[in-house]
Amino acid sequence: MKAQRAQHLSAERLSAYLDGQVTPEERRQVESHLRTCPQCAWELESLRHTVSLLRQVRQVAVPRPLTLREIDVRPARTPQRVWLLPYLQGATALVSLLLVVLVAGDLLLGLGRAPQARPLAQPVPAVAPAPLAGTLPAERAAGEATAEVALAKVPAAPGPPATEEAPVAAALPAEEGGPKAAEGGEAAPSGEAVPGGEAEVTASPSPVMRALGEPTMPVVPGPPGDMGGIGGPAALPTEREPVSALAGETPTPTPTAPPSPTPTPPPATAVAMAPEVATATPEAAPLVAVATPSPAPLPAPAEEAAAAVPAPGVPWVRLAEMGLLGAALVLGGLTLLLRGR
Amino acid sequence: MDPQALIAAARRGDVQAFNQLILTYQGMAYNLAYRILGDGEAAADVTQEAFLKAFQNLRGYRGGSFRAWLLRIVTNACYDYLRSRQRRPSDSLEALLEESPDHSLLMREEGESPDDYVLRAELSDVIQAGIATLPPDQRTVLVLSDILGFSYQEIAEIASLNLGTVKSRLSRARERLRTFLLEHEELLPAPYRLGSEQGRVGVPPPAGGGTRR
């Protein structure tokens, strides 16, 4: 008895025995053990009873025909794809949010670090507003830009007087005046149109700046080249900075907007024009908007203006923004596609 | 039409040929799904989805038992469904019993008296509640073997297991179900109790100190 107890039959063996799934040798062992071991005998009987109950559970009727209809088969829709949808939606939302945050952060911080913002701004107009402003102007602008930038800084100090004339320049000049102003530096353009009177504050937008610059520092505009600008304005900008910075923050786009819309695109000087482009064309909003603030505070020293001409490397912020925008578009497209199914 | 011809036609996109195959196997497939899921409506949906999947993947069928191939797809569809639903593991027995079958679904055997039918329906409810306490892979093996009457070999094919695993899984499932039935004996109709004349198994003898081999 002791020996047998030590070798109780496993449930697996009993179960297989019930089903006749044992070798003749195993069967003999099991049966001889069962004769002397009540516990294993009970195990076997209870298992046998359980199985017999299961066998009495009979089939249930199919509640409806489970055949396929042609229509089920045609679309070959795989229900598994649906689980992707929420993830896609989430990803789209996340990427869009990141984009907004990045752009907003860039906008706000970009104003703060006026000097650095400058080089940043340059590539953007070339890329984003390109279709609007046209690439040619952008390039041409490069050369002129420096001059204009220089001008822009000059006005800083003379702020008040400039305001009256500034608007004038902004309106008409935008198209032809822009380049002229840079080259000729004549006051002529400035006297023409009379856009928003507040131009003074909004100094940031190029036309205004140009206008401002002319009256105050006639010397500077004279030399079309950057050199002239560099020498003169270099000192002034610093004082000016606060003003332009403020201007760039709030009023910048609006006041200048009226005059600029049309004229801006053609001259579209890479640096100075950026803001107008932004205000004029809403489509360019996200990308250009970012650029807007940077040029405004441009007042950066003349060296910067010069440095700006050879386009600096595309900054990572821009890359990130464009990457995010692309990702958001792709994800959004996929989401729509999927939802359409 | 012989099954191989129907399969060949279905492969060429003939839905009606495939439907003939479905009519042959839907009862079995539905019952398997029903016992694994414990929910008639879900079982119908899952089975039909599995059939659709099978139709679309007919190329994946490379000879052998078509029935086993089809039931494998149904079984996997059941697992997917259970995973997606993450059944509340703490389902109370009452809830399980309540959820269980519609007796209208249960087929009455020929020559079965109404009383017997009722008793059998009650038994089925309790057994179904017991099956629901098993892990899904044990349910499958138990249902295939003891309710649907498949051989170990076929079960191995359907569940993609080797024979040894079928054997051990089945024995574990039976043990667990036995324990469940002993613990809830009062739920079983009297004739089906282990201690009844019919069951005549009685109380287990005091456990011996031995080890099982």
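Note that these values count all heavy atoms, side chains included, but never hydrogens, waters or copies made by symmetry. Below, chains carry the letters A, B, ... as their sequence lines are ordered, and counting in each starts from 1.
- Here the CG-OG distance, from Asp19(A) to Ser145(B), works out to 5.5 Å after rounding to the nearest 0.5 Å.
- Among all heavy-atom pairs drawn from Val60(A) and Arg35(B), the shortest one is CG1-NH2, 3.9 Å.
- For Leu21(B), no part lies under 4.5 angstrom from a heavy atom of chain A.
- The contact between Asp45(B) and chain A is made by backbone and side chain atoms together, counting heavy-atom distances below 4.5 Å.
- Within residues 68-75 of chain B, no residue has any heavy atom less than 4.5 Å from a heavy atom of chain A.
- Minimum heavy-atom separation, Glu12(A) to Gly164(B): OE2-O, 4.2 Å.
- Note that OG1 of Thr67(A) is 7.0 Å distant from CD of Gln26(B), once rounded to the nearest 0.5 Å.
- In this structure, the portion of Leu148(B) lying under 4.5 Å from any heavy atom of chain A is its side chain and not its backbone.
- Rounding to the nearest 0.5 Å places CD of Gln48(B) at 7.5 Å from CZ of Arg69(A).
- The two residues Gly27(B) and Val62(A) come nearest to each other via the heavy atoms CA-CG2, 3.7 Å.
- With hydrogens and angles ignored, the 3.5 Å screen pairs a side-chain donor or acceptor of Asn19(B) with a backbone N or O of Leu68(A).
- Looking at Phe51(B), both its backbone and its side chain come within 4.5 Å of chain A, counting heavy atoms on both sides.
- Side chain to side chain, Thr50(A) and Arg174(B) fail the donor-acceptor criterion of an N or O pair below 3.5 Å.
- When heavy atoms are compared at a cutoff of 4.5 Å, Leu181(B) approaches chain A solely by way of its side chain, counted from C-beta outward.
- For the pair Leu53(A) and Leu123(B), the tightest heavy-atom approach, listed with the atom from each and the gap, is O-CD2, 3.9 Å.
- Heavy-atom neighbours of Tyr79(B) OH from other residues, nucleotides or ligands within 6.0 Å: above the threshold of 12.
- Between Leu66(A) and Ala44(B), the closest heavy-atom pair is CD2-O, 3.7 Å.
- In terms of heavy atoms, Pro63(A) sits closest to Tyr30(B) at CD-CZ, 3.3 Å.
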